[in-house]
Structure formats: structure tokens, C-alpha cells
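Because only heavy atoms are used, hydrogens play no part in the values below, and waters and symmetry mates are left out as well, while side chains stay in. First listed ligand is number 1; within each ligand, the first listed atom is number 1. Fair warning: this is a prediction, and the values are worked out from it, not measured in the lab.
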Amino acid sequence: MYFSLPTEYREAGIDELKERIADARTRLGTRLCILTHHYQRMEIVEFGDHVGDSYGLSKIAAEQKNVEYIVFCGVHFMAEAADILSDPSKKVYLPNPLAGCPMADMAEMSDVLSAWDYLGQFGGVEHITPISYMNTTAGLKAFTGRNGGLICTSSNAAAALKWAFDQREKIFFFPDQHLGRNTALKYGIKPEEIALWDYSRDDGGLSSEQLEQARIILWKGHCHVHTNFTAGQVAEVRSEHPDVKIVVHPECPNEVVELADASGSTRFIVDYCQNAPSGSTIAIGTEINLINRMAKTYPDKTIFELSGNICPVCANMYRTTLNDLAFTLENLEQIKPIKVVDPTRSEALLALEKMLEIH
Ligand code: 13P
Ligand code: SF4
């Protein structure tokens with residue numbers, strides 16, 4: 001996709017952009033709601049009516065009654081979910097249309113459908129509940145809804161797993177292997193009952209025995225931001241800061257999650273920083289913009305990034321700039337909103353509504 005902002009917006013200075021955004025917000029008043037994900041740049045979060053994680057923001061989108069425009073400063077799958085969950089009369093915008101998610105791109109519809117067909121040979125798909133992480137296209141959310149599954153985010157993954165096992169004996173979890181593995185191990189699934197479906201190999205690279213034994217089949221996807229964190233970094237931080245508390249996102253590899261003091265969703269990490277006593281030292285394994293904001297919000301605590309040197313930025317979240325936001329707010333009627341149409345919309349809605357219910 002090619003996308004380029006008009007020169008006027010590319011060349012405007014920060015003060016002018018902030019003024020134009022503030023004016024547009026005033027002009028649009030209660031017709032507008034700006035949602036900002038925790039990984040957005042600080043200056044974008046400052047303009048949000050709400051800041052939250054993917055679960056929290058979907059819920060807020062679903063609750064919007066009187067607004068006409070929802071501007072979602074996040075990545076594409078989040079804006080799609082907001083569109084599906086909100087009343088069809090609302091228009092949802094993604095200020096930078098190039099903001100995608102490489103992990104979501106690791107699960108392509110055709111690959112997932114052939115995996116599902118293949119898995120059906122082992123006792124039938126009626127024994128498998130699909131769980132799709134929020135980080136997927138609307139098409140895959142529809143696949144999940146159609147097949148009796150649900151959407152999870154890092155904040156309801158444990159409840160989603162429990163619900164799914166209450167329905168059927170096996171789970172097909174995609175696309176994040178790490179969230180899937182961390183949640184399954186916490187639930188008490190044994191490592192030998194977890195199979196990893198490698199979509200680049202025939203039959204997922206798995207033997208019939210492995211698939212028969214598996215209680216959960218994980219898609220071999222990952223987040224390139226969270227898989228930068230290592231057990232070595234945990235050891236190093238602990239030796240340099242004996243009093244440190246380490247908190248990480250469950251998209252991190254299991255050895256990191258195991259060694260951390262706590263792991264949980266973005267919302268969990270935010271609450272952890274807020275609730276830690278003054279004077280605490282906290283090292284965080286997640287996206288850098290959130291960490292920097294936590295450090296600024298709680299100057300009485302020493303909050304820093306776990307790796308020390310990799311700068312774990314989500315380049316896609318970082319794409320959204322004040323320039324994009326100003327352009328979007330000033331041209332709402334000229335820009336194409338994010339629209340998911342039926343039957344994808346109604347099938348995906350089934351799985352998203354289940355997510356809101358199971359928490
Ligand atoms: P949250 O569900 O915690 O908002 O995370 C989304 C995400 O993309 C994490 O990398
Ligand atoms: Fe996707 Fe990772 Fe960015 Fe989250 S942090 S949006 S999973 S690339």
C-alpha cells in the first residue's frame with residue numbers, strides 16, 4: 001500500500017500540529033472519540049480520550065453510544081476489531097494506514113485453513129476449539145467465530161483457555177506461540193502436550209503421534225519486539241540491581257517469563273508500576289514507549305527497560321505521528337474509514353463478543 005501525507009501536514013511544525021489537533025477536537029466535540037494504545041508515542045497518548053491495551057480499548061469502542069467518529073491510534077487489527085464491535089453507524093479510522101502487526105501477518109488465512117483441515121484428520125475439528133489472539137485479521141476472527149471459538153488478548157488468555165477446554169478437548173491457538181505456551185503451562189498443560197505448528201513445513205512439521213498427544217496446538221508466530229528479551233538479561237539486571245522487580249509481557253519467551261517476578265498483559269504491567277511502593281526499582285520487558293511513559297509517570301520509582309540496549313520499539317505503533325492525527329481529524333469525511341463487512345463482520349463479532357464475556 002502506498003500512503004503519503006499531503007505536504008501541508010508533512011511540513012507543519014509540532015506546535016502548529018498540536019494546535020490544529022486541539023482545534024479539531026474542540027470543533028468535533030462529543031462526535032469524536034480518540035483511542036490510544038499504550039505503545040503509542042507520548043504526544044499521541046496526550047491527545048487520547050482513552051489510553052488502554054487492546055482488550056480495554058475494544059471494550060471502550062463497543063460502549064461508544066453517541067460518537068460518530070472513533071479515531072484509533074494503534075495498529076490495523078485493533079481498528080478492525082473496534083469497527084466490528086462498535087455500532088455500524090460509527091466510522092473508525094486508523095490515522096496511519098501502514099500501521100500493521102508483523103505477528104498478525106504470520107497467520108495467513110490459507111495457511112490457517114489448511115492447518116485446520118489437516119487437524120480435522122485427528123478425530124475431527126469438532127473436538128478442537130480455535131482461539132485467535134486479538135493480533136489477527138478480521139477474516140481469521142471470522143474463522144474463529146464460525147468454528148465456535150473466541151478471541152483472546154493477553155489480559156483474558158487464561159480465562160479463554162479455561163473456557164475453550166470446557167467446550168472441547170483440544171485447542172488450536174494462533175498466531176502467538178509464546179502467549180499460547182505461557183498461558184498453557186500456567187494452566188497446567190505438560191510441555192509434551194503442547195505441539196508447535198510450523199506453517200512453513202508440510203503437515204506443520206508434526207508427526208501423527210505428536211498431534212494425537214497434543215492438547216494445544218500453537219501456531220509458530222511471534223512478536224519480534226518481545227522475543228528480544230532473554231534469560232541472560234534477567235540475570236544481568238538482577239546482579240546489577242539486587243532489589244529489582246522484573247515484570248514482562250507474556251509475548252516474551254517462556255524462559256524469560258519463568259525468571260521474571262511477574263508477567264501479564266499491558267494493563268497488568270501498568271497496574272504493577274502504579275501499585276509498586278515508592279522507591280521501587282522495576283525492570284520491564286515490553287514495548288519501550290510504554291516503559292518510558294511509566295518512568296515519567298512515576299518519578300518516585302526507578303523504572304527501566306529490561307534489555308538495557310536493544311530499544312524494543314514497535315515500529316508499527318511508532319508510525320502514527322501528530323502529522324497523521326492532524327490530517328485524519330481535519331479530513332474525516334474525505335478519508336476511507338476501516339470497514340469490515342458481512343459475513344466477516346458478523347462471524348468475527350461472535351468471537352469478539354465471547355472475548356468480552358470471558359474475562
Ligand atoms: P495488548 O493486548 O496488551 O494491548 O498487546 C497487544 C500487542 O500487540 C502486544 O504486543
Ligand atoms: Fe504486533 Fe509486536 Fe507491535 Fe504488538 S508489539 S503490535 S505484537 S509487532
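The six-membered or imidazole ring of Trp219 lies away from that of Tyr133, with a centre-to-centre distance of 6.0 Å or more.
At distances below 3.5 Å, at least one donor-acceptor pair connects side-chain atoms of Lys301 with backbone N or O atoms of Ala276. Looking only at distances, no side-chain donor or acceptor of Glu108 sits under 3.5 Å from a matching main-chain atom of Ser110. Between the side chain of Thr36 and the main chain of Gly48, no donor-acceptor pair closer than 3.5 Å is present. Within the 3.5 Å criterion, the main-chain N or O of Ser208 finds no donor-acceptor partner in the side chain of Gln121.
Residue contact check: Ser154 has heavy atoms under 4.0 Å from atoms 1 (P), 2 (O), 3 (O) of ligand 1. Interface atoms of ligand 1 facing Tyr39, defined by a heavy-atom separation under 4.0 Å, are 9 (C), 10 (O). Within ligand 1, the atoms closer than 4.0 Å to a non-hydrogen atom of His37 are 1 (P), 4 (O), numbered from 1 in the order shown. Annotation for ligand 1: atoms under 4.0 Å from non-hydrogen atoms of Asp53 are 1 (P), 3 (O), 4 (O). Using a 4.0 Å cut-off to heavy atoms of His226, the atoms of ligand 1 that qualify are 10 (O). Near Glu251, with a cut-off below 4.0 Å to any heavy atom, the atoms of ligand 1 are 7 (C), 9 (C), 10 (O). Listed by atom number, the atoms of ligand 2 under 4.0 Å from Tyr39 heavy atoms are 5 (S).
Of the protein's non-hydrogen atoms, Ser54 OG, 2.6 Å is the one closest to atom 2 (O) of ligand 1. Among protein heavy atoms, the minimum distance from atom 3 (O) of ligand 1 is reached at Thr266 OG1, 2.4 Å. Scanning the protein for heavy atoms near atom 8 (O) of ligand 1, the closest one is Asn135 ND2, 3.1 Å.
Heavy atoms of Met134 come nearer than 4.0 angstrom to ligand 1 in no pair at all. Distances from ligand 1 to the non-hydrogen atoms of Cys223 include no value under 4.0 Å.
For the ring-ring contact (aromatic ring centres under 6.0 Å, His included) criterion with Trp116, the lone passing option out of Phe143, Phe174, Trp197, Phe122 is Phe143.
Take atom 2 (Fe) of ligand 2 and draw a sphere of radius 2.8 Å; the protein N/O/S atoms inside it number 1.
Neither the backbone nor the side chain of Glu287 has any atom closer than 4.0 Å to an atom of ligand 1 (non-hydrogen atoms only). Residue contacts with ligand 1, taken as heavy atom pairs separated by less than 4.0 Å, involve His249 solely via side-chain atoms from C-beta onward. For Met103, no heavy-atom contact with ligand 1 is shorter than 4.0 Å.
We find the CD1-CG distance between Ile217 and Leu196 to be 11.0 Å, quoted to the nearest 0.5 Å. Glu16 contributes atom CD, which lies 10.5 Å from atom CD1 of Ile21 (distance to the nearest 0.5 angstrom).
Salt bridge Arg25/Asp49: present, at least one basic N to carboxylate O contact under 4.0 Å. Under a 4.0 Å N-O distance rule, the pair Asp83/Arg345 qualifies as a salt bridge.
Ring geometry, His249 versus His226: the interplanar angle falls from 30° to 60°, so the pair is classed tilted. In this structure, Phe268 and Tyr272 have tilted ring planes: the angle between them lies in the 30° to 60° band.
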Quick one: side chains of residues 346-359, donor-acceptor pairs under 3.5 Å with protein atoms, not counting sequence neighbours, listed by atom name and distance.
unit_1, atom_1, unit_2, atom_2, d
Ser346, OG, Asp342, OD1, 2.9
Ser346, OG, Pro343, O, 3.3
Glu347, OE1, Arg146, NH1, 2.9

